Amino acid sequence: MASCLGLYIEDNIIKYAKVTKDNDVVKIDSFGIKFYDRLNEAIEQVIEETYSFKTPISINTPNETYNYFYIFNLLNKKDMHSYINTEFESICFEKELHAESFETRYVLVDDLEDKEKVKAIHISANRGELAKRAELLGKYKLNCISPIAIDISNLLEINKSENLENMAIVNIEGTTTVTSIIQQKIYEINTIDAGITDILARINAKENSYAKAYEICKNSTIYTSEGKELQYEENAYLDDIMPTLYKIVGQVKKILNDSLNKIDKIYITGMASVINNIDIYFQEYLEDVQCEILRPYFIRSVGTELNIKDYIEVNSAIALALQGVGDGLKGINFKKESMGDKLPDWMTLEIGGKGKKNGGASYGDGFSFSLKGALTDSERGLIKGAVGILLLIVIYVVLSSVLNNEMQKKLDEVSVESQRVTQQESAMNTDKKHVDDKKAEYTELIKAIEEKTQMDTESKRLKYSVPTLLNKIMYSIPANVQLTSITNTGSKITIIAQSDRYEQIAMFVAKLDKDGILRNVTTDKSNKQSEVVVVTIEGELP
């Protein structure tokens, strides 16, 4: 008879269910919900109330992420494993994350769209968060850490069901997961960023009590087309409830529409399933799909005198407990198996084996010894040898367990530190980009200032160079040379001079050039007008 305590942990809320399974008979020994401020104290209270000090405990994986990889089915298991790891590392690289910071598991199913491939449902969870959660249960018997989106299917016992309908489980907890089950196998998991936490937070803001907010949800009834006679006064908190449910049902409808596999039935579970008429509300939006509240298979079969809603509200905890007693998919346990976990299997001694007809203990079908009568020398030697081997095994297991625990602690510390460094690197890259942008902006501003300064300098030079030019010309011009026009275009000067004697003009042009009054002095061909020689002189300001 196997027993397990399922703990479903969310912010401010912990659900628990202690389940006992004897062959195919499942019994719920105790269950309930607690709202907490300190998680460690809440866990201790639950364990004490359920008397689960030595009972195996199963908890949900915190903040797991799902990815999907498609692999050719001709690859062997080793190559598939290598391919999946490579694909996940590629995703981490794109998101600037360290793949070593995550613990991963995956489930392989046939790809219904391509018969030559298999589909890997890949699950990853942060090692630091896993270590913190495991540390909360360090002094108890933590047996399993697994994703609730997969474990929730344990409530339907899909592998033993003769029902071949395709179905989806909508689990409305802190966030909402939609687990699609196609051909009796979990095929896809979608996460919706909305859940009961949003509803409770809005009501808690008014009532200042999460427990009271939850009771309000349990006593609220949703409007439906068949219940228009309901009075608004009896549903005063629907404005806090309906926006979240509307978002969830809209996303569920989109998921169903995008799926290439027709879903025949929707099961609704989670904390939000206690809201009255939620299944009818879903049915009105999802007209072609049958919608109903998820009831655990063993409760439906044997019946119960308790209010069925009391069981349903802890469905997630029941599903985790069922995973802990051996139901559900194998290989998705995120708790690493230590040497101590394997010790009971090594030390099992089968009494009354096939080795002796008259009773005894056997290590196999062909070798045994009797515990009756006097011991022979060979039996004494065998016992001494067995005791020695057992002591060596115990010493080895103890040392290995200690070393393994220390190594795991160090790995967890490295994972947390690695994550912190990654975050700091990301922040540094953001700061560097900001600095580079500012540097480019400042460079442009400096360039503009330099250009403006250069223009101002040139303008001032031209402003004072013209009067200086005129002053120099005044002292250099011959007496019988007349200037009829002086014009400037920037630094270029044009002078029109005239005289009755050409050599006087030539002397004036020579002075302009020789004395550095103008640079690059040139003249055009002179022309004579009524005994007066007119010459155009051009040059540049020095």
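Everything numeric here is computed off the predicted structure, so don't read it as measured data.
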Note to self: Taking the cut-offs as 6.0 angstrom to the six-membered ring centre and 45 degrees off its axis, would you call Lys119 and Tyr187 a cation-pi pair?
What the structure shows: yes
Notebook entry, point to check: Is it true that Lys18 and Glu49 have a side-chain N and a carboxylate O under 4.0 angstrom from each other?
Noted result: no
Margin query: Please verify the inter-ring angle class for Tyr285 with Tyr246; under 30° counts as parallel, over 60° as perpendicular, anything in between as tilted.
Written below: perpendicular
Note to self: Checking the side chain of Thr61 only, and the main-chain atoms of Ser146 only, is there a donor and an acceptor separated by less than 3.5 Å?
What the structure shows: yes
Notebook entry, point to check: Between the side chains of Gln45 and Tyr36, does any donor sit under 3.5 Å from an acceptor?
Noted result: no
Notebook entry, point to check: salt bridge (charged side-chain N to carboxylate O under 4.0 Å, His left out) with Arg127: which of Glu103, Glu413, Glu417?
Noted result: Glu103
Notebook entry, point to check: After noting the C-alpha distance and the side-chain angles of Lys265 and Glu292, does the key distance pass the salt bridge (Lys or Arg N to Asp or Glu O under 4.0 Å) rule?
Noted result: CA-CA 8 Å; Lys265 182 179 288 188; Glu292 64 178 67; 3.8 Å; yes
Check: Hey, mind stepping through Leu294 and Leu156 against side-chain contact (heavy atoms from CB on, under 4.5 Å) and telling me if it holds?
Finding: CA-CA 8 Å; Leu294 176 58; Leu156 293 175; 3.2 Å; yes
Check: Hey, is the main chain of Ala194 close enough, under 3.5 Å, to the side chain of Thr176 for a donor-acceptor pair?
Finding: yes
Item checked: Distance under 6.0 Å and angle within 45° of ring axis: Arg105 vs Phe334 -> yes
Checklist line | Lys15 and its salt bridge (charged side-chain N to carboxylate O under 4.0 Å, His left out) partner, picked from Glu10, Glu173, Glu313 | finding: Glu173
Check: Is a side-chain donor-acceptor pair under 3.5 Å present for Thr244 with Asp198?
Finding: no
Notebook entry, point to check: Do Glu425 and Asn429 have side-chain N/O donor and acceptor atoms under 3.5 Å apart?
Noted result: no
Margin query: Does atom NZ (Lys410) have a neighbourhood of more than 12 heavy atoms from anything else shown, all under 6.0 Å?
Written below: no
